[in-house]
Student: 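The structure that follows is given in the form of structure tokens.
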Amino acid sequence: MYSLGIVSTGYMFCWPWYYTVIPAFLTFWIAISYIYVTMSKWQKEAEELQHFYQNLEILVKQRTKELEEAHKKEISHEKEIQKLKDQFVFIAAHELRTPVTAISWGLENAIESGKETLDKTTLETLQNVQKSNSRLIDLIDDLLNVARIDAGTIKIEKKEIDIESIIEETIKEMNSLFKSKNVKVSFDKKGIDKINTDPNRLKQVLINLLTNATKYNKENGSIDITISKEDDYYQISVKDTGIGIKEEDMDKLFKKFSRIQDKKTQDVEGTGLGLFVTKEIVSKLGGKIDAESKYNEGSTFRFTLPI
Ligand code: ADP
């Protein structure tokens with residue numbers, strides 16, 4: 001094409017005009033044809049490429065849909081298994097609760113009526129059986145609570161209550177536990193107004209926190225309970241002088257079945273469910289819970305309740 005152009009330009013100067021025009025026209029025509037052929041080729045290639053991309057897009061969409069469906073099936077299968085497991089735990093725990101409660105009453109009566117008549121060894125054996133039985137009741141209650149939390153069926157029945165009376169009542173009921181470790185408990189009353197909350201659930205939270213504050217306390221330690229009114233909530237704190245929690249263990253506290261591995265706690269009995277249940281209940285009551293601790297010095301657990 002290039003040489004044709006040179007030749008035709010040469011003709012323009014030496015030959016009559018048609019000798020110039022014809023080769024120029026020919027050159028132009030060849031160039032146009034070449035461009036047309038090349039562009040058609042490119043267009044075809046572009047169309048093929050577009051077609052390929054469209055097919056690829058369809059294939060990717062189809063595969064994604066298939067994977068999503070398989071994933072959904074897997075999730076619903078897992079959910080079904082989890083639901084069956086939760087139901088099993090709930091039914092097993094529920095069925096166990098009735099006979100275990102009956103055993104507890106029976107033991108209590110036997111110990112009470114046998115105090116004068118039974119010999120020392122038999123009485124001690126009965127008391128030990130009663131202790132183990134009450135630990136079993138606590139475990140069953142924790143499992144029932146976890147099953148209810150997982151199933152979302154935990155019931156909250158709110159009413160107007162005097163929160164300070166509930167705290168005092170709970171301390172009284174737990175007196176034998178505090179005595180067993182010679183732990184001194186103080187409660188700083190503030191004359192707080194009545195609040196609208198669930199008294200049984202609140203008691204459950206207090207029992208869990210006070211049990212831990214005793215279990216993980218030192219012999220002759222102390223527990224301070226305080227209550228304060230903030231903008232739109234009350235804050236209740238339970239502070240102990242116990243073994244404390246290491247910084248790196250703090251995030252394990254409120255997790256299900258989570259117990260802290262430590263030389264100091266290895267002999268303390270527990271399931272790692274108490275704080276998980278406590279957190280869920282506080283949240284159902286509309287509040288929040290957190291903890292602060294210094295290893296070897298003690299811990300403070302604080303929870304809030306909306307006014
Ligand atoms: P459990 O007491 O049955 O093990 P919890 O859920 O009540 O279960 O507590 C989880 C863990 O948190 C305990 O195993 C213990 O290591 C730690 N913990 C809880 N409360 C205290 C506390 N007041 N002082 C020190 N450690 C605590």
Student: Using a 4.5 Å cut-off on heavy atoms from C-beta on, say whether the side chain of Ile163 contacts that of Leu305.
Tutor: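 Yes, side chains in contact.
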Student: Does the side chain of Phe178 come within less than 4.5 Å of Leu210's, by heavy atoms?
Tutor: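 Leu210 vs Phe178: side chains touch.
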Student: Within a 6.0 Å radius of atom NZ on Lys288, are there more than 12 heavy atoms belonging to other residues, nucleotides or ligands?
Tutor: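 12 or below, so no.
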Student: Report, one line per pair, each donor and acceptor closer than 3.5 Å where one atom sits in a side chain of residues 78-95; sequence neighbours left out.
Tutor:
| residue | atom | partner | partner atom | Å |
| --- | --- | --- | --- | --- |
| Gln82 | NE2 | Asp86 | OD1 | 3.2 |

Student: Do you know the tightest heavy-atom contact between Ser293 and Gly298?
Tutor: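 The answer is OG-O, 3.1 Å.
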Student: For Lys215 and Lys181, which heavy atoms make the closest approach, and how far apart are they?
Tutor: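 Heavy-atom minimum between the residues: O-NZ, 2.8 Å.
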Student: What's the spacing between Ile289 CD1 and Lys279 NZ if we round to 0.5 Å?
Tutor: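 That separation rounds to 9.0 Å.
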Student: Contact between Asp193 and Tyr234 at the side-chain level, heavy atoms closer than 4.5 Å - yes or no?
Tutor: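 Of all side-chain heavy-atom pairs linking Tyr234 with Asp193, at least one is under 4.5 Å.
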Student: Just to verify, what does Asp198 make a side chain to side chain contact (heavy atoms under 4.5 Å, CB included) with, not counting sequence neighbours?
Tutor: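 Here the qualifying residues are Ile156, Glu157, Asn200, Arg201, Leu285.
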Student: Roughly how far apart are Ile35 CD1 and Ser40 OG, rounded to 0.5 Å?
Tutor: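 OG of Ser40 is found 11.5 Å from CD1 of Ile35.
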Student: Heavy atoms, side chains only, cut-off 4.5 Å: are Ile307 and Asn196 in contact?
Tutor: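 Not in contact.
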Student: Linking I/L/V/M/F/W/Y whenever their side-chain heavy atoms sit closer than 4.5 Å, directly or via other members, would Leu139 and Leu144 fall into one cluster?
Tutor: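 Cluster IDs for Leu139 and Leu144 differ.
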Student: Run the numbers on Arg135 and Glu269 for side chain to side chain contact (heavy atoms under 4.5 Å, CB included), then give the verdict.
Tutor: CA-CA 9 Å; Arg135 277 208 298 276; Glu269 287 184 15; 2.4 Å; yes
Student: In terms of hydrophobic clusters joined by side-chain contacts under 4.5 Å, are Ile166 and Val238 together?
Tutor: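 Same hydrophobic cluster.
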Student: Among pairs that include at least one residue of residues 47-65, which meet side-chain hydrogen bond (donor to acceptor under 3.5 Å, both in side chains), considering only residues two or more places apart or in two chains?
Tutor: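 Residue pairs with at least one partner in residues 47-65: Arg63-Glu66.
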Student: Applying a strict under-4.5 Å side-chain criterion to I, L, V, M, F, W and Y, I'd like to know whether Ile140 and Ile281 cluster together.
Tutor: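 Hydrophobic grouping puts Ile140 apart from Ile281.
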Student: Just wondering, do Leu202 and Phe303 contact through their side chains at under 4.5 Å, heavy atoms?
Tutor: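 Phe303 vs Leu202: side chains touch.
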Student: For residues Leu273 and Leu96: do they belong to one hydrophobic cluster (side chain heavy atoms under 4.5 Å, members Ile, Leu, Val, Met, Phe, Trp, Tyr)?
Tutor: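 No: no chain of side-chain contacts under 4.5 Å links Leu273 to Leu96.
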Student: Any chance you could measure Thr304, atom OG1, to Asp232, atom CG, to the nearest 0.5 Å?
Tutor: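 Answer rounded to 0.5 Å: 9.0 Å.
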Student: Not counting sequence neighbours, which residues clear side-chain hydrogen bond (donor to acceptor under 3.5 Å, both in side chains) with Asn296? List them please.
Tutor: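 For Asn296, the residues satisfying side-chain hydrogen bond (donor to acceptor under 3.5 Å, both in side chains) (neighbours in sequence not counted) are Lys264.
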Student: If you group Ile, Leu, Val, Met, Phe, Trp and Tyr whenever their side-chain heavy atoms sit less than 4.5 Å apart, what else falls in with Val37?
Tutor: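 Other cluster members: none.
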Student: Going by the rule side chain to side chain contact (heavy atoms under 4.5 Å, CB included), which residues pair with Asp267 if we only count those two or more places apart in sequence or in a different chain?
Tutor: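 Asp267 satisfies side chain to side chain contact (heavy atoms under 4.5 Å, CB included) with no residue once adjacent residues are dropped.
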Student: Check for a donor-acceptor pair, side chain of Lys159 on one end and backbone N or O of Pro199 on the other, with a separation under 3.5 Å.
Tutor: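 Not confirmed, Lys159 side chain does not pair with Pro199 backbone.
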Student: List for me each residue that meets side chain to side chain contact (heavy atoms under 4.5 Å, CB included) alongside Glu45, sequence neighbours excluded, and say none if there are none.
Tutor: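 Result, side chain to side chain contact (heavy atoms under 4.5 Å, CB included) vs Glu45: Lys41, Trp42.
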Student: So which heavy atom on Gln204 is nearest to which on Asn145, and how close?
Tutor: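 Between these two residues, the closest heavy atoms are NE2-ND2, 2.8 Å.
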Student: Look only at the side chain of Ser104 and the backbone of Val100, and say whether a donor-acceptor pair between them is shorter than 3.5 Å.
Tutor: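 Checked: no pair found.
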Student: How many angstroms lie between NZ in Lys239 and CD1 in Ile223, if you round to the nearest 0.5 Å?
Tutor: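 If I round to the nearest 0.5 Å, the distance is 12.0 Å.
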Student: If you count the non-hydrogen atoms of other residues, nucleotides and ligands that lie under 6.0 Å from CD in Gln261, is the total more than 12?
Tutor: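 Check fails, neighbour count at 12 or below.
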Student: What's the spacing between Glu108 CD and Asn133 CG if we round to 0.5 Å?
Tutor: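 Separation between the atoms: 10.5 Å.
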Student: Side chains of residues 240-248: which donor-acceptor partners sit under 3.5 Å, not counting sequence neighbours?
Tutor:
| residue | atom | partner | partner atom | Å |
| --- | --- | --- | --- | --- |
| Asp240 | OD1 | Gly242 | N | 2.8 |
| Asp240 | OD1 | Ser299 | N | 3.1 |
| Thr241 | OG1 | Asn217 | OD1 | 3.1 |
| Thr241 | OG1 | Ser222 | N | 2.8 |
| Thr241 | OG1 | Ser222 | O | 3.3 |

Student: Counting only heavy atoms not in Lys131, do more than 12 sit closer than 6.0 Å to its NZ atom?
Tutor: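 Counting other residues, nucleotides and ligands, NZ of Lys131 stays at 12 neighbours or fewer.
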Student: Using the salt bridge (charged side-chain N to carboxylate O under 4.0 Å, His left out) criterion, which residues pair with Lys73? Sequence neighbours excluded.
Tutor: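 Applying salt bridge (charged side-chain N to carboxylate O under 4.0 Å, His left out) to Lys73 gives none.
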Student: Connecting only ILVMFWY residues whose side-chain heavy atoms lie within less than 4.5 Å of each other, what is the rest of Leu107's hydrophobic cluster?
Tutor: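 Joined to Leu107, directly or through intermediates: Ile103, Ile111, Leu118, Leu123, Leu126, Val129.
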Student: Do any side-chain atoms of residues 250-257 form donor-acceptor pairs under 3.5 angstrom with protein atoms, and if so which ones, sequence neighbours left out?
Tutor:
| residue | atom | partner | partner atom | Å |
| --- | --- | --- | --- | --- |
| Lys252 | NZ | Asp249 | OD1 | 2.7 |
| Lys255 | NZ | Asp251 | O | 3.4 |
| Lys256 | NZ | Asp150 | OD1 | 3.4 |
| Lys256 | NZ | Asp150 | OD2 | 3.0 |

Student: Report yes if some heavy atom in the side chain of Glu164 is under 4.5 Å from a heavy atom in the side chain of Ile227; otherwise report no.
Tutor: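 Glu164 vs Ile227: side chains touch.
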Student: Output, in order, the C-alpha distance, side-chain angles, deciding distance and verdict of side chain to side chain contact (heavy atoms under 4.5 Å, CB included) for Ile207 and Thr170.
Tutor: CA-CA 7 Å; Ile207 290 173; Thr170 314; 3.6 Å; yes
Student: Go through the structure and list residues passing side-chain hydrogen bond (donor to acceptor under 3.5 Å, both in side chains) with Asn208, not counting sequence neighbours.
Tutor: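 Only Thr278 meet the side-chain hydrogen bond (donor to acceptor under 3.5 Å, both in side chains) criterion with Asn208.
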Student: Same hydrophobic cluster for Tyr233 and Val282, using side-chain heavy-atom links shorter than 4.5 Å among ILVMFWY?
Tutor: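 No.
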Student: Do we see a donor-acceptor contact under 3.5 Å between the side chains of Tyr295 and Asp262?
Tutor: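 Yes.
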Student: Phe301 and side-chain contact (heavy atoms from CB on, under 4.5 Å): which partner among Asp290, Val205, Leu275?
Tutor: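 Checked Asp290, Val205, Leu275 against Phe301; only one passes side-chain contact (heavy atoms from CB on, under 4.5 Å): Leu275.
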Student: Could you tell me if the side chain of Ile225 sits less than 4.5 Å from the side chain of Val185, heavy atoms only?
Tutor: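 Of all side-chain heavy-atom pairs linking Ile225 with Val185, at least one is under 4.5 Å.
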Student: What is the distance from atom CG of Asp138 to atom CG of Leu143, rounded to the nearest 0.5 Å?
Tutor: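 Spacing of CG (Asp138) from CG (Leu143) equals 11.0 Å.
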Student: Would you say NZ of Lys203 has more than 12 non-hydrogen atoms from neighbouring residues, nucleotides or ligands within 6.0 angstrom?
Tutor: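 Check passes, neighbour count above 12.
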Student: Do Ile154 and Glu280 come close enough that some side-chain heavy atom pair is under 4.5 Å?
Tutor: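 The answer is no; the side chains never approach within 4.5 Å.
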Student: Is it true that atom NZ of Lys184 has more than 12 heavy atoms of other residues, nucleotides or ligands lying nearer than 6.0 Å?
Tutor: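 At most 12 heavy atoms, drawn from other residues, nucleotides or ligands, come within 6.0 Å of this atom.
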Student: When you measure from the side chain of Thr214 to the backbone N and O of Leu177, does any donor-acceptor pair fall under 3.5 Å?
Tutor: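 Looks like no, no N/O pair under 3.5 Å.
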